[in-house]
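No hydrogens, no waters, no symmetry mates; every other heavy atom, side chains included, goes into these values. Sequence lines set the chain letters: A, B, ... in the order given, protein chains first and strands last, and positions in each chain run from 1. On a predicted model such as this, the values are computed, not experimentally measured, just so you know.
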Amino acid sequence: MNVKEVIARVERIESLPTIPPILKKILSIIEDPNISLNKITEFVSTDPTLTARILKMVNSPVYGFPGRISSISHAMVILGLNAVKGLLLGVSVFEIMQKNMIGLWEHSLSTAIFARIIATKKELQSPEEISIAGLLHDIGKVIFIIAFKDEYLKLLESARIKKQYIYEVERDYFGITHAEIGGIIAQKWHFPSKLIEPIMYHHRPQVSEKFKLETAIVHLSNTLAIARGIGYSGEIFVPSVHVYTWELLNFREEEIVEIFKEAEEPLYATGENFLSDE
Amino acid sequence: MIKIPIDKAKPGIKIVKDIVNESGMIVVPAGKELTESLIDKLSMMNIDFIYVEGKKELPPKDEVLNEIEKRFKKINDEPTLLIKRALEAHIEDLYNER
């Protein structure tokens with residue numbers, strides 16, 4: 001497939017007939033660069049399902065905030081505009097994931113959990129933001145599903161049969177991977193570079209520009225999530241950690257054991273029924 | 001901590017996470033023990049799931065280690081092999097704790 005055509009189709013995702021109406025509405029909010037905190041709060045508060053999901057997420061062990069966040073406006077103050085925009089997108093693609101690629105949601109949550117733990121270990125200022133980058137790192141797969149459903153589901157199947165990495169199969173077929181597609185769409189939606197870079201480069205962390213550490217963390221978190229075997233990312237095999245990431249993060253073996261240990265409880269608590277029991 | 005549906009709840013089990021109602025108010029704080037009447041009340045309040053003390057059931061250890069072996073089949077670089085060793089050590093710890 002011609003990569004220009006692929007990008008062109010992805011860029012007009014809002015007008016594709018396959019996009020769910022609620023997601024379309026959310027995208028129009030996210031895409032508006034001048035949207036205010038108040039406007040988003042107002043929008044989310046009129047939708048009880050969205051409100052419940054966002055509150056459930058911020059109160060879940062994925063984030064580990066002490067105490068209870070009981071309103072969207074409180075979540076806004078704690079997380080900030082960009083993180084809430086990311087979270088809003090994250091919880092609104094849940095159905096698409098559940099319907100088309102079972103396990104992708106669990107993989108995304110697992111990556112978010114590992115990202116938060118590693119960011120905290122590295123004493124980054126806002127581990128929640130890195131965690132949201134983790135939650136959204138595979139958003140490109142959802143975009144592929146919306147824009148090229150039949151083709152993409154076939155690719156997943158063929159990666160499984162041929163024992164290839166899904167990003168290699170994507171590159172062969174579309175000329176571009178889910179990581180870059182996710183990055184392009186995150187740019188279109190005016191996400192900050194701190195979110196765009198980890199999404200765009202989570203398979204090529206060495207080319208990140210401004211947010212090398214954040215990108216390295218999401219890259220490693222994705223690998224740890226696949227290694228731990230919770231959820232389904234489309235990969236049957238653990239991909240290698242890039243040597244650049246490894247040098248940048250500089251973890252000892254005991255520290256990796258600690259990270260796995262720390263993740264165990266939140267991974268289990270978020271489990272399969274995370275949003276399906278609302 | 002395990003998550004159980006309210007119809008599996010039994011008196012004497014300890015709640016380990018605050019139970020909140022739809023408007024976000026805490027109706028039963030963490031630490032309290034379930035009683036017959038409390039379970040009845042919770043069922044009436046449309047609380048479906050609660051978090052209680054207990055350990056989840058783990059699949060057999062050999063099976064878990066075997067799956068890890070399979071997932072790492074393509075790996076031959078040192079950093080990623082280190083992750084594999086760390087994960088295996090973690091799994092051993094997880095099963096030794098019980």
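There is no contact between A:I259 and chain B, counting heavy-atom distances below 4.5 Å. In this structure, chain A has a heavy atom under 4.5 Å from the backbone of B:K70, while its side chain stays farther away.
Nearest heavy atoms, A:A227 versus B:L87: O-CD2, 3.3 Å.
Rounding to the nearest 0.5 Å places CZ of A:F251 at 10.0 Å from CD1 of B:I83. To the nearest 0.5 Å, the span separating CZ on A:F260 from CG on B:D93 amounts to 12.0 Å. Interatomic distance, CG of A:L220 versus OG1 of B:T80, reported as 9.0 Å (0.5 Å rounding). Distance check: A:E264 CD to B:I91 CD1 gives 6.5 Å after rounding to the nearest 0.5 Å.
Applying the side chain to side chain donor-acceptor pair (under 3.5 Å) rule to A:R204 yields the partners A:E180; only residues at least two apart in sequence or on another chain are considered. In this structure A:Y152 satisfies the side chain to side chain donor-acceptor pair (under 3.5 Å) test together with A:E170, sequence neighbours excluded. By the salt bridge (charged side-chain N to carboxylate O under 4.0 Å, His left out) test, B:E92 pairs with B:K61, sequence neighbours left out.
A donor-acceptor contact shorter than 3.5 Å is absent between the side chain of A:K163 and the backbone of B:K74.
Contacts between residues 236-245 of chain A and chain B, defined by a heavy-atom separation under 4.5 Å, are made by A:I236, A:F237, A:V238, A:P239, A:S240, A:V241.
Within a 6.0 Å radius of CD in A:E123, no more than 12 heavy atoms belonging to other residues, nucleotides or ligands are found. Atom CD1 of A:I102 sits in a sparse spot, with 12 or fewer heavy atoms from other residues, nucleotides or ligands closer than 6.0 Å.
By number of non-hydrogen pairs under 4.5 angstrom with chain A, the leading residue of B:E88, B:R85, B:K73 is B:R85.
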